[in-house]
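Worksheet: the structure to be examined is printed underneath.
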Amino acid sequence: METSEANVTEKKSSNFVEEFIEEDIAAGKVAASPTKMVHTRFPPEPNGYLHIGHAKAICMDFGAAAKYGGQCNLRFDDTNPSREDTEYVDAIKEDIHWLGFDWGDRMYYASDYFQQLWDLAEEMIRRGLAYVDEQSAEVIAEQKGTPTQPGVESPFRNRPAEESLDLFRRMNKGEFDEGTMTLRAKIDMASPNMHFRDPIMYRIIKYPHHRTGTKWQAYPMYDFAHGQSDFIEGITHSICTLEFEVHRPLYEYFAKIFAEIKGTTYTPRQIEFNRLNLTHTVMSKRYLRNMVETGVVRGWDDPRMPTLCGLRRRGYTPQSIRDFITTIGYTKYDALNDIRLLENAVRNDLNKNATRIMGVIDPVKLTITNWPAGKVEMCEMDNNPEQEGSGVHQMPFSGELYIEREDFQEVAEKKFFRLTIDKEVRLKSAYIIKCTGVEKDAEGKIVNILCTYDPESKSGMPGADRKVKGTLHWVSAQHAVKAEVRLYNALFMDEEATTESERNPESEIVVENAYIEPFVKEHAEVGNKFQFQRLGYFCIDKDTTADKLVFNRTVSLKESK
RNA sequence: UGCCCCAUGGUGUAAUGGUAGCACACCAGAUUUUGGUUCUGUUUGACUGAGUUCGAGUCUCGGUGGGGCAACCA
């Protein structure tokens, strides 16, 4: 497993979230908070894998804490046992670590606070701020009104606190069926903010919780769990995405009550930023799960998935993802980010760090007719011209090679810089060759390209200092390693993709018989990254076995044909 | 006919009342033993209308356009 450290203290230009935090530091609010430091949290729900949108939140939550010398807690938001599972917990932790962040010893669960939340709810009932409603979901929804029409009050709204308290406790003992009763906050059924129309605080769920088992049968809703958990942990800045903006007044309402009951002035502050949208990509957890379950993709970590494990398998580096996040920034504008920004970020990183090798994906045989029979010669190739001291490796050259089929044209079109009959071309790090003819099969398909080589033109020799039309990559037929190469493209045709969008039938193209230079055999660990010269960046897939190499194309090289 | 939020080149994002900049994309050129990299250059922008001000992308108001809110999800 590859790891990397986020240079979280690096200077980035401030965004509005950080400006808010700086204001709160200046106003002394942070110093007056429970842990006296900027304290954030990353609160995933353990019901799916993290995707690149979560990476944006992670970089914000952990990054802001680090920038101001504070801390970020990891907190699993597990208030709905019927849809959550520990299955996801380890994967989520792994992904956060892989991205380069760490929560120290502060890994929590909202379920850690169920008792405190319960006590708080009971106190609210006693204070006349909450009541048990015995109406069905349908009736409650009807009474809620619409955004343009006020709601009406429940007939149970003004029942005595003692009665609500009794029912509330019995809800939790399993005396009532799911859906028959809820605890509601008594606020304002006519509020223009729908979330103030007596929001549900607790509902009955008779499904064992993955951590607390059957201890509880009434569980808090998001609005009565998230902010309260923030409060309990001493969070100063609860940073989330824009869709929670309308929840903020309720967040503050509950926080104020909690502070009053606790006799403090501290309250956490919720700040919202825009979520990540990418062109040609769908981020919906439900949709992603569906693709996994219906076998459309190879799993949550399919290289086409926007999940962090998918990007990792695809060959993306943590650094490239962090760089990308820095580039797109944090605002309140609902933006659609061009996926080419992500691709650019990984090219930048891999250009500096990926070892150069040669691989031929669509091979055609090339025979050097004047090469001494049986002779094998070694050629020296730079591991990475962009990285000083990265060294060289040897590559065998012989009279029978493979080159890329598209690198040869019998009749060259204009601006074709590659091999064509009677013209010279350079084989990178080897010799200059000249095409003398071709052999075709019965269908007219080229099966062998015949060339002569210039013995004085080997790279490094004076004879190599000659302008030629182009430079090609190649492998020696008898030495090359066969490999499977999986070429990846966008998952969706639409730039602005939705769950209704047509999927790209060529999102994955499997090439069974590619040839890779033998050097790769000594470096065939899963996840290793290479540049196949002139083609793109590739990494070794986990499907690789002792006798079969499998590569994923992370991203192609830029092309300016 | 409600409430909340948003609006800067094609895309994303800076500027904190004082020269509209950066990245990606695009186009052109130079370099190049990767049609990669690197370098240089060109084109392209304040939703709209009023107001405040010596001066407005920035502040105010009105339009317009976009997003969110009516789960016993988070």
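For the numbers below, each heavy atom of this structure counts, side chains included, while hydrogens, waters and symmetry mates do not.
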Letter by letter from the 5' end, nucleotides 62-67 of chain B scores (B base, S sugar-phosphate only, - none; protein heavy atoms under 4.0 Å) -----S
Going 5' to 3' through nucleotides 68-74 of chain B, assign each nucleotide B (protein heavy atom under 4.0 Å from a base atom), S (under 4.0 Å only from sugar-phosphate atoms) or - (no protein heavy atom that close).
BSBSBBB
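A donor-acceptor contact under 3.5 angstrom links the side-chain atoms of Glu386(A) to the base of G36(B). Judged by distance alone, with hydrogens and angles left aside, Thr471(A) brings no side-chain donor or acceptor close enough to the base of U34(B) to form a pair under 3.5 Å.
G18(B) and A50(B) have their C1' atoms separated by 23 Å, with the value rounded to a whole Å. Comparing G29(B) with G21(B), their C1' atoms sit 24 Å apart, to the nearest whole Å. Between C61(B) and U52(B), the distance separating the two P atoms is 15 Å to the nearest Å. For the P atom pair drawn from C72(B) and C6(B), the interatomic distance equals 28 Å after rounding to whole Å. Annotation: G57(B) and G49(B) have their P atoms spaced 13 Å apart (nearest Å).
Here the C1' atom of nucleotide G2(B) and the CZ atom of Phe196(A) are 16 Å apart, to the nearest Å. Per the geometry, CD1 belonging to Ile52(A) stands 16 Å off P belonging to G12(B), to the nearest Å. Protein atom CD of Gln531(A) is 10 Å distant from nucleotide atom P of G35(B), rounded to whole Å.
Leu350(A) approaches Lys529(A) most closely through the heavy-atom pair CD1-CD, 3.9 Å.
No engagement by Thr279(A) is indicated, since no non-hydrogen atom pair under 4.0 Å with the nucleic acid exists. When heavy atoms are screened at a 4.0 angstrom cut-off, Gly48(A) is found touching no nucleic acid atom at all. Residue-level contact check: Leu535(A) touches neither bases nor backbone, having no heavy atom under 4.0 Å from any strand. Among the protein residues, Lys415(A) comes within range of the nucleic acid bases, having at least one heavy atom under 4.0 Å from a base atom. Residue Tyr333(A) is in sugar-phosphate contact alone, with no base atom involved, counting any heavy-atom pair closer than 4.0 Å across all strands shown. Base contact: Arg356(A) has a heavy atom under 4.0 Å from a base atom. Residue-level contact check: Ala430(A) touches neither bases nor backbone, having no heavy atom under 4.0 Å from any strand.
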Are there any protein N/O atoms within less than 3.5 Å of an N/O atom in nucleotides 16-18 of chain B, and if so, which ones and at what distance?
{"unit_1": "U16(B)", "atom_1": "O4", "unit_2": "Glu19(A)", "atom_2": "OE1", "d": "3.1"}
{"unit_1": "U16(B)", "atom_1": "O4", "unit_2": "Glu19(A)", "atom_2": "OE2", "d": "2.2"}

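Put simply, the side chain of Tyr219(A) gets close to the backbone of Trp216(A): a donor and an acceptor are under 3.5 Å apart.
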Once pairs are restricted to Watson-Crick or G-U wobble with both distances under 3.5 Å, how does RNA chain B read as a dot-bracket string, [ ] for crossings and | for other-strand pairs?
.((((((..((((....[..))))..((((.......)))).....(((((..]....))))))))))).....
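Within the structure, ring-ring contact (aromatic ring centres under 6.0 Å, His included) pairs that include any residue of residues 451-472 of chain A comprise Trp371(A)-Tyr453(A), Tyr431(A)-Tyr453(A) (at least two apart or interchain).
Partners of Glu243(A) under the salt bridge (charged side-chain N to carboxylate O under 4.0 Å, His left out) rule, at least two apart in sequence or in another chain, are Arg275(A).
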